[in-house]
Protein chains: 2
Amino acid sequence: MRVACVQFDCQFAKPQENLATALSLMENERADLYILPELFHSGYLFVDEQELHELAEPVPDGKTVQALEDFAHKNGSGIVAGIAEKSGEHFYNSAVFVDETGFRGVYRKIHLYDREKLWFAPGEAPFEIWSFRDVNLGIMICFDWIFPESMRSLALLGADLICHPSNLVLPYCQNAMVTRCLENRVFAATANRIGRDDRDVIAIDFTGQSQITGPDGSILVRASKDQPSLLVQDLPLQQARNKQINEYNQLFTDRRPDFYHLD
Amino acid sequence: MRVACVQFDCQFAKPQENLATALSLMENERADLYILPELFHSGYLFVDEQELHELAEPVPDGKTVQALEDFAHKNGSGIVAGIAEKSGEHFYNSAVFVDETGFRGVYRKIHLYDREKLWFAPGEAPFEIWSFRDVNLGIMICFDWIFPESMRSLALLGADLICHPSNLVLPYCQNAMVTRCLENRVFAATANRIGRDDRDVIAIDFTGQSQITGPDGSILVRASKDQPSLLVQDLPLQQARNKQINEYNQLFTDRRPDFYHLD
């Protein structure tokens with residue numbers, strides 16, 4: 001399966017421009033599945049709730065998801081994209097999954113990072129997986145990575161590929177994904193943004209280096225720190241089904257939950 | 001607290017020589033706590049059960065643990081050391097903890113690696129922690145590292161320092177400990193062996209590079225791949241009590257077990 005991470009500088013409060021930039025990168029090369037950054041249409045650094053009222057969109061009826069559905073339908077592709085979601089009185093830091101058949105589902109970020117807690121409600125549904133062609137996709141967003149329970153949950157549910165829309169600020173995740181993939185024997189595609197959100201009172205730099213990681217912990221491909229790019233890789237995703245690491249050890253059946261303390 | 005990892009080439013079936021080598025390295029510099037490799041007295045690569053009948057020792061009454069207790073008493077230190085343990089009809093890949101007061105406890109490896117499953121029984125007690133002076137020690141052995149549940153369990157139980165006797169064969173652990181420490185905000189001391197166990201029918205090379213890792217994922221000190229050494233570091237272990245990583249995120253209270261799938 002050809003998987004592509006879309007990396008670019010998401011401009012704050014310019015949803016139409018961000019959508020156009022993303023689609024333009026995606027049109028450079030056909031892929032079965034595109035992963036876009038977290039909050040790719042809105043930008044990241046909100047400084048008051050009013051901005052979310054203006055930028056967040058209903059899912060799946062908002063303009064951005066509709067445009068992604070159109071692209072997916074036209075190109076016969078799947079897309080996982082980070083969206084600022086408006087639902088009733090709540091805002092969620094979400095990721096939608098659409099494919100050629102239309103809207104497939106939404107994941108609402110379970111572990112909010114830093115000042116996201118001021119504006120977004122945390123996801124209130126368990127991690128889940130979605131079938132896509134002959135494989136299973138898991139979705140987590142950015143900071144979810146630091147909790148080993150996130151990818152462990154998705155992998156135990158049967159995910160072959162972890163789709164990971166991100167706006168990474170800390171320098172740790174790209175290296176950590178080596179261990180995350182190794183411990184779960186899954187593939188992961190981290191689509192990170194580049195550039196800087198500068199909102200006068202506060203500014204944040206993002207780390208780029210979108211990365212596709214293999215189930216043996218190998219970094220299959222990594223983008224630059226500061227250039228927009230479409231990071232494309234053909235992935236033998238079925239390999240993620242094999243959790244056997246030698247004649248005697250199978251990573252999942254060797255787990256011994258009776259002896260763990262995870263409450 | 002001054003912590004020291006003891007790295008050397010543990011000779012197969014030469015318990016007296018291995019003990020002498022370890023104590024000799026330990027006498028080079030006083031530490032509050034010494035960590036020795038997995039199966040440090042027996043060597044690693046058993047090829048039949050009879051060898052374990054000859055080399056495994058009762059805990060704490062065997063000669064090796066008694067000698068460690070003597071050292072600990074004389075030097076006012078703690079020691080965590082990997083031991084082939086004999087208990088009734090069973091053999092365990094264990095780690096003992098002794099200090100100046102004598103024998104404190106034993107951890108029996110929960111996740112056996114590869115052909116260890118042929119000879120050893122898996123540990124049948126949950127992960128636990130031991131108080132040592134003003135901090136809490138957790139113990140895991142070698143391959144336990146690949147299961148995030150191991151260090152997570154110890155950290156949630158309150159471990160400040162993970163003592164990690166090892167005979168590492170795969171090349172992944174030292175880098176993975178960066179993520180393990182970061183995700184749990186704990187210190188870890190991985191005491192690995194060097195050299196090669198060559199038993200004619202089978203041979204294994206060990207990776208050395210014993211490592212002490214900080215709660216921010218920094219590699220505080222790392223030994224060479226092939227030289228015996230005593231890797232010493234003064235550690236501000238109380239720092240592991242602070243799980244706050246910014247104004248809004250605390251790594252443990254931010255966990256959301258209701259949404260995980262970890263069965």
inquiry  = Quick check on B:R115 against chain A: is it the side chain, the backbone, both or neither that has a heavy atom closer than 4.5 Å?
reply    = both
note = Bottom line for A:A155: the part with an atom under 4.5 Å from chain B's heavy atoms is neither
key: Pair A:F46 + A:F12: ring centers closer than 6.0 Å   = yes
query = Are B:Q238 and B:D134 linked by a side-chain donor-acceptor pair shorter than 3.5 Å?
reply = yes
remark   = Looking only at A:S150, A:P257, A:G123, most heavy-atom pairs under 4.5 Å shared with chain B are made by A:G123
inquiry  = At a 4.5 Å cut-off on heavy atoms, which part of A:N246 comes close to chain B: side chain, backbone, both, or neither?
reply    = side chain
ask   = Which region of B:T179, side chain (C-beta onward) or backbone (N, CA, C, O), has a non-hydrogen atom less than 4.5 Å from a non-hydrogen atom of chain A, or is it both or neither?
value = side chain
ask   = How far apart are the C-alpha atoms of B:F97 and B:Y107, what are their side-chain angles, what is the distance that settles it, and do they pass the ring-ring contact (aromatic ring centres under 6.0 Å, His included) test?
value = CA-CA 8 Å; B:F97 171 41; B:Y107 162 70; over 10 Å; no
inquiry  = Counting heavy-atom pairs closer than 4.5 Å to chain A, which one of B:V178, B:D254, B:D263, B:I146 comes out on top?
reply    = B:D254
key: Nearest atoms (heavy-atom pairs only) where A:I129 meets A:G138   = CG2-CA, 4.2 Å
query = Counting heavy-atom pairs under 4.5 Å to chain B, which of A:R180, A:E116, A:R255, A:E128 comes out on top?
reply = A:R255
request  = With a 4.5 Å cut-off on heavy-atom pairs, point out which of B:L251, B:D258, B:N249 contacts chain A the most.
outcome  = B:N249
request  = Flag the pair B:F147 / A:Y260 as yes when their ring centroid distance falls below 6.0 Å, and as no otherwise.
outcome  = no
key: A:Q7 side chain to A:S224 backbone, donor-acceptor under 3.5 Å   = yes
key: Heavy-atom contact with chain B under 4.5 Å, split by part of A:F143   = side chain
note = Of all heavy-atom pairs linking A:I212 and A:L231, the shortest is CD1-O, 3.9 Å
query = Salt bridge between A:E247 and B:K117, side-chain N to carboxylate O under 4.0 Å?
reply = no
query = Does a salt bridge link B:D160 with B:R241, judged by any charged N lying under 4.0 Å from a carboxylate O?
reply = yes
inquiry  = Using heavy-atom distances under 4.5 Å, tell me whether A:N184 contacts chain B through its side chain, its backbone, both, or neither.
reply    = neither
inquiry  = Does any backbone or side-chain atom of A:E124 lie under 4.5 Å from a heavy atom of chain B? Answer side chain, backbone, both or neither.
reply    = both
remark   = Under 4.5 Å to a heavy atom of chain A? For B:F252 that would be neither
request  = For chain A, find which of B:I245, B:L170, B:N175 contributes the most heavy-atom pairs closer than 4.5 angstrom.
outcome  = B:N175
